[in-house]
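Basis for what follows: all heavy atoms, side chains included, without hydrogens, waters or symmetry-related copies. Predicted, not measured: the structure shown is a model, and the values here were computed from it. Order of the sequence lines fixes the chain letters, A, B, ..., with proteins taken first and strands second; residue numbering starts at 1 for each chain.
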Protein chains: 4
Amino acid sequence: MNKETHPSGRPRSEQARAAVLNAADDLLVEIGYAAMTMKGIAEKARVSRQTIYRWWSHKAEILFEASAADAEEELSIQLSGDPLADLTAYLEALIHFLANSPAGAAYRALLGEAQQDSAVAELLSAKDPIGDTAQVILKHLFEKNQVPIPLDQATALFIGPCFFWILSGRDPAGLVPQELAKNFLSYLQT
Amino acid sequence: MNKETHPSGRPRSEQARAAVLNAADDLLVEIGYAAMTMKGIAEKARVSRQTIYRWWSHKAEILFEASAADAEEELSIQLSGDPLADLTAYLEALIHFLANSPAGAAYRALLGEAQQDSAVAELLSAKDPIGDTAQVILKHLFEKNQVPIPLDQATALFIGPCFFWILSGRDPAGLVPQELAKNFLSYLQT
Amino acid sequence: MNKETHPSGRPRSEQARAAVLNAADDLLVEIGYAAMTMKGIAEKARVSRQTIYRWWSHKAEILFEASAADAEEELSIQLSGDPLADLTAYLEALIHFLANSPAGAAYRALLGEAQQDSAVAELLSAKDPIGDTAQVILKHLFEKNQVPIPLDQATALFIGPCFFWILSGRDPAGLVPQELAKNFLSYLQT
Amino acid sequence: MNKETHPSGRPRSEQARAAVLNAADDLLVEIGYAAMTMKGIAEKARVSRQTIYRWWSHKAEILFEASAADAEEELSIQLSGDPLADLTAYLEALIHFLANSPAGAAYRALLGEAQQDSAVAELLSAKDPIGDTAQVILKHLFEKNQVPIPLDQATALFIGPCFFWILSGRDPAGLVPQELAKNFLSYLQT
DNA sequence: GTGTAATCGAGACGGTACGTCCTGTCTTCGG
DNA sequence: CCGAAGACAGGACGTACCGTCTCGATTACAC
């Protein structure tokens, strides 16, 4: 038996699920997170409101599911092995993600919501697209050298400045990824 | 003289203004930003809804006005002249502000809203309590030494890690202000 | 069969409909038409405001639906066949209706509103409780004798004096139904 | 001393009074009675809201004062001495007044309000433009002949049918003043 | 002239209803 | 059991008008 045994009754409609996630994605770009409503998503997806509430509890949850894969992909870079190049590449991807990508807009919206709503906060800490991908880069980097600080603190030092810069509304053009990467590397060698 | 001559009509009630700001402050602590409503603020302040809309356009604007002074004060530290001590003290204040203070909760809420609402974004960039106070510390620090990078980028490097750490929902106990300050100083000397 | 097949979705709640009409009826008696509000009706009926707006557009429409049946009944008299007796009985019913009955108060309110609001005017002309019932009496009367004037003009001659007397605020005790009926009959014989 | 001795202080502005009455008149024609507001009148008249409330208590009161003179004039006909001609002329004036004149629209609005608001009812019964003018005609008519019924009841018989016809929303073109007058005269001779 | 007093405009105040919107739940029918 | 449709109670939205209030400015009469 390879298939999950179906309990009984009509199975969940994959079509409805996809329609909801697509609608959420589209609405985020079209009208923004704040203006998104459960009702709006349902109508855009041509899906009953009840169906949405059956499978998701917040619009945050929908958006998270809708954008997680995109976020993961946008922040996954090809590792070259050259530390400076890899760090720079990651920061470039991160800046683009946070400042220009729809998935990044979703992330910023969710992070904003997470400041107030602990359910959203848990969602993000369970699977943090930025923290997770950054750790992959750093873990690879640290395998060669012995490093004096914990991985998550290194992550904060690495991406914190970019994060602050963009979330506080500053112009992303003012950031120079290579400088930031160089600075981070020099710190590690201290 | 120096007093603004009253233009015409009944003057604005200072009592109403204060009542609204206090009500907003109280509600933030009691029920949180997301659950705050204009109606709720009006009722708590024993003020007409129209009176609120006459002077503020968003709950964000009210909260901003209500918490700006507190934020400013909490982030203003006594400068000792010792760079490491001053930076450490500021970071301690910042961490407490972001993680534990009501004014900090207001700030995080506003920052979250700013990701979606450009009106709130402007509000914050016009008078950013964190950026502004951090710059004061750094400006003072830089007067002695020539520094190779612009002030605002130095600010990002200085506070970015803390900022990321807390906003991404990590435990503030994991931060060691003195280490962060030391690291920042060592970077400056490169 | 003869039952309307239910189109789709949850069917309209008969309970809510009745609660609204009752609430409107009660409020008319308790506080009067002018003081009635959509909000007040909703609260009294323990019904959502939206539910009211879904089915009625004005308070006039609610009141009309609530009082139409009562009005019809109060103005329907048993025909005896004796012209003078029938006309007198109708005028007595009409005077009581206009001057003392809640349904009559509703009618007077609607007629007042109709002077300003064409939507209400249409409502009343589509189903005018007074005009309609009076015509029934007169039509029956006219079957025997040939009558030289149109039915609606005869109606105006018949009930116009009572109508004017009461709506202009005069004391209904000053009206003598039998005299009015006698006068009307003598006119018909001219 | 023929002038009321002025008590003290600034005297009432005749200009403001006229501006308010004109504004009320204009607004009645432009937007109708229901849409008229005290605020709207004040703004149209370029007058302070307080000034209005100082001298009038309802919009009904304003409108009454604004239209009373017009109503009086429109319903005052030149008496020829010929009963049929005079009655017909009056009914023609009445029909035009109720159906087409702005002053008549004001009257219908006030009468509608009077059904609900006793303050307005008193206003109208104190100085009823229709009842009063009709009585003038009838009183003159009755001076010659002995008449068996009270004046006010004769008034109701005379104008009631027109009154009902128009207020119930029927087309005034369906009324034939001369027929009504003839009918009324024949009744008097019974 | 110099009060004194009631007027005027302007416009803010606490209230309250408006009609709309969205929430999350429910009740139908049909697949 | 799922899903579409849509009605339900509830409650916030931002607006409008209510009638009252507090201003400064104006305009009369009385001293």
Notebook entry, point to check: Looking at B:L167 and A:L111, what are the two nearest heavy atoms and their distance?
Noted result: O-CD1, 3.8 Å
Margin query: To the closest 0.5 Å, what do you measure between CG (C:D117) and CD (C:E122)?
Written below: 9.5 Å
Check: Looking only at heavy atoms, which two atoms of C:D70 and C:D25 are closest? And how far apart?
Finding: OD2-OD2, 4.2 Å
Note to self: I need the residues from residues 11-19 of chain C with at least one non-hydrogen atom less than 4.0 Å from DNA chain E; give them sorted by number, or say none.
What the structure shows: C:P11
Notebook entry, point to check: For the side chain of D:S13 and the backbone of D:A16, is there at least one donor-acceptor N/O pair under 3.5 Å apart?
Noted result: yes
Next item on the list: List in numerical order all residues of residues 33-45 of chain D for which some heavy atom is under 4.0 Å away from an atom belonging to DNA chain E.
Entry: none
Notebook entry, point to check: Between D:Q116 and C:A109, which heavy-atom pair has the shortest distance, and what is it?
Noted result: NE2-CB, 3.0 Å
Margin query: Check whether B:W55 forms a cation-pi arrangement with B:R17 (NZ or CZ under 6.0 Å from the six-membered ring centre, at most 45° off the ring normal).
Written below: no
Notebook entry, point to check: So, the side chain of A:S118 versus the backbone of A:A121: is there a donor-acceptor pair under 3.5 Å, distance only?
Noted result: no
Note to self: If you compare all heavy atoms of D:V120 against all heavy atoms of D:L110, which two are closest, and at what distance to 0.1 Å?
What the structure shows: CG1-O, 3.4 Å
Short N/O separations, protein against nucleotides 29-31 of chain E, under 3.5 angstrom:
unit_1	atom_1	unit_2	atom_2	d
E:dG30	N2	A:R10	NH1	2.9

Next item on the list: Write out all pairs satisfying side chain to side chain donor-acceptor pair (under 3.5 Å) with one or both partners inside residues 29-46 of chain A, taking only residues at least two apart or from two chains.
Entry: A:E30-A:K44, A:Y33-A:E113
Note to self: I need the minimum non-hydrogen distance between A:A19 and A:A45, along with the two atoms involved.
What the structure shows: O-CB, 3.4 Å
Notebook entry, point to check: How far apart are the closest heavy atoms of A:M38 and A:S57, and which atoms are they?
Noted result: CE-O, 4.1 Å
Notebook entry, point to check: When rounded to the nearest 0.5 angstrom, what is the spacing between CH2 in D:W56 and CG in D:L21?
Noted result: 5.0 Å
Note to self: I need the A:S48 OG to A:R54 CZ distance, nearest 0.5 Å.
What the structure shows: 7.0 Å
Checklist line | Rounded distance (nearest 0.5 Å) linking atom CG of C:D26 with atom CE of C:M36 | finding: 10.0 Å
Checklist line | Stretch residues 22-30 of chain B: residues that reach within less than 4.0 Å of DNA chain E through a heavy atom | finding: none
Next item on the list: For DNA chain E, find the residues of residues 48-59 of chain A with a heavy-atom distance under 4.0 Å and give them by number; none if there aren't any.
Entry: A:R49, A:Q50, A:Y53
Checklist line | Flag, side chain of B:S67 to backbone of B:L63, donor-acceptor distance under 3.5 Å | finding: yes
